[in-house]
Amino acid sequence: MANANTQIDPMHAEEIGHGNSKAAWSMVGVMMVGFVVGCIAFAGHNPTFVYVGCAIVVVGLIVGWIMKKAGFGVNGSRSGDAH
């Protein structure tokens, strides 16, 4: 049985954002498109489009970083009421 006097570590007391923001969702969406393109191209033995899929994944990282800097990240100035 759990002890009723268990204390929560103050370092872990605040809620984690888990990247639930417009920047994170946009980044993941673009990266998923890149993975799908790359996987279909890999299955079709088309190395050119495998590299295109890899490039789309990198573009997704850049999109997420730019949106975070623009204030759409967790606790950003334009992130909305949820954060």
Side-chain angles (χ1 to χ4, degrees):
M1 293 189 76
N3 186 356
N5 295 327
T6 305
Q7 294 180 353
I8 297 174
D9 183 6
M11 180 174 271
H12 301 288
E14 63 184 53
E15 186 177 338
I16 301 172
H18 293 292
N20 192 9
S21 66
K22 294 175 185 177
W25 282 104
S26 299
M27 178 184 73
V28 169
V30 172
M31 291 175 75
M32 286 296 295
V33 169
F35 278 112
V36 168
V37 168
C39 289
I40 291 172
F42 184 80
H45 304 288
N46 190 340
T48 302
F49 280 100
V50 171
Y51 292 120
V52 169
C54 292
I56 293 171
V57 170
V58 172
V59 167
L61 288 171
I62 294 168
V63 165
W65 180 76
I66 290 172
M67 288 186 72
K68 180 182 174 188
K69 293 296 180 183
F72 290 104
V74 174
N75 295 328
S77 61
R78 298 184 196 173
S79 63
D81 296 330
H83 300 285

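As the structure is a prediction and not an experimental result, all values here were calculated from the model.
Residues M27 and V74 are members of separate hydrophobic clusters, defined by side-chain heavy-atom contacts under 4.5 angstrom among Ile, Leu, Val, Met, Phe, Trp and Tyr.
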Derivation of the side chain to side chain contact (heavy atoms under 4.5 Å, CB included) call for I56 and V30: CA-CA 7 Å; I56 293 171; V30 172; 4.1 Å; yes
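When hydrophobic side chains of Ile, Leu, Val, Met, Phe, Trp and Tyr are connected at separations under 4.5 Å, W65 ends up clustered with V58, I62, I66. Through chains of ILVMFWY side-chain contacts below 4.5 Å, I40 is grouped with V36.
The heavy-atom pair separating F49 from V37 by the smallest distance is O-CG1, 3.8 Å. Among all heavy-atom pairs drawn from V50 and F42, the shortest one is CG2-N, 3.5 Å. Shortest non-hydrogen contact noted between F72 and S21 is O-CB, 3.4 Å.
Partners of V63 according to the side chain to side chain contact (heavy atoms under 4.5 Å, CB included) rule, which considers only residues two or more places apart in sequence or in another chain, are S26, V59, M67.
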